[in-house]
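These notes are about the structure you will find just below.
Keep in mind the model is a prediction, meaning the values are calculated, not measured. Along the sequence shown, residues carry numbers from 1.
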Amino acid sequence: MVDTVITNPPFGTKNNEGIDVQFLKTAIRLARRSVYSFHKTSTRPFLVKLLRDKWGLNVEVVAEMKFDIPNMYKFHKQKCVDVEVDLIRVYWEEEDTIEDKDASEEEEESEGEEIPLGVCGVA
């Protein structure tokens, strides 16, 4: 495990919808304190609700920017596109220990809702 994870996941469009959330789950499992992750601004309401309401984590947008995405794939129709992107910080209270996270995960799983926290290598 590490203190902080920084990730730039695929944006989860076209044929890989939801891949950004899978990256977040993995990053949160690996981090002791926080995760910084880039996401399309248009997904902000969904991610904030997911992270706060479903997973019980703290989240804040620490930067708003534009990524220049060049024409790299056959389905790209323009030479380049500016995509509005948020850098989000996901964090939990310092007093939350790994044991607390494991207990929360077991409670959530027993209710049928998956939470991404746990010890590295444990789903």
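Annotation: side-chain hydrogen bond (donor to acceptor under 3.5 Å, both in side chains) contacts of Ser37 (sequence neighbours excluded): His39. Checked against salt bridge (charged side-chain N to carboxylate O under 4.0 Å, His left out), Glu64 has the following partners two or more places apart in sequence or in another chain: Arg44. By the side-chain hydrogen bond (donor to acceptor under 3.5 Å, both in side chains) test, Thr7 pairs with no residue at all, sequence neighbours left out. Residues that satisfy the ring-ring contact (aromatic ring centres under 6.0 Å, His included) test with Phe38, not counting sequence neighbours, are Phe67. Not counting sequence neighbours, Ser42 has no partner by the side-chain hydrogen bond (donor to acceptor under 3.5 Å, both in side chains) test. By the side-chain hydrogen bond (donor to acceptor under 3.5 Å, both in side chains) test, Asn58 is found to be paired with Glu93, residues two or more places apart in sequence or in another chain being considered.
The distance from the CZ atom of Arg29 to the CG atom of Leu24 is 11.5 Å, given to the nearest 0.5 Å. Remark: Asp68 CG to Asp82 CG distance equals 5.0 Å, nearest 0.5 Å. One distance of note links CZ of Arg89 with OG1 of Thr4; it measures 8.0 Å at 0.5 Å rounding. Rounding to the nearest 0.5 Å places CZ of Phe23 at 13.5 Å from CD1 of Ile28.
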Exercise. Check the pair Leu51 / Ile88 against side chain to side chain contact (heavy atoms under 4.5 Å, CB included), numbers first and verdict last.
Key: CA-CA 11 Å; Leu51 291 162; Ile88 63 168; 4.0 Å; yes
Quiz prompt | Residue pair Thr26, Val5: steps toward the side chain to side chain contact (heavy atoms under 4.5 Å, CB included) verdict | solution = CA-CA 10 Å; Thr26 300; Val5 173; over 6 Å; no
Exercise. List the steps, then state whether side chain to side chain contact (heavy atoms under 4.5 Å, CB included) holds for Val90 with Trp55.
Key: CA-CA 11 Å; Val90 181; Trp55 295 354; over 6 Å; no
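Looking only at side-chain heavy atoms (C-beta outward), Leu87 and Val61 stay at 4.5 Å or farther from each other.
Using a distance-only test at 3.5 Å, with no hydrogens or angles considered, no donor-acceptor pair links the side chain of Trp92 to the main chain of Gly56.
Nearest approach of Val83 to Lys40, heavy atoms of both residues: CG1-CG, 3.9 Å.
Tracing side-chain contacts under 4.5 Å through hydrophobic residues (I, L, V, M, F, W, Y), one reaches Tyr36 starting from Val85; they form part of the same cluster.
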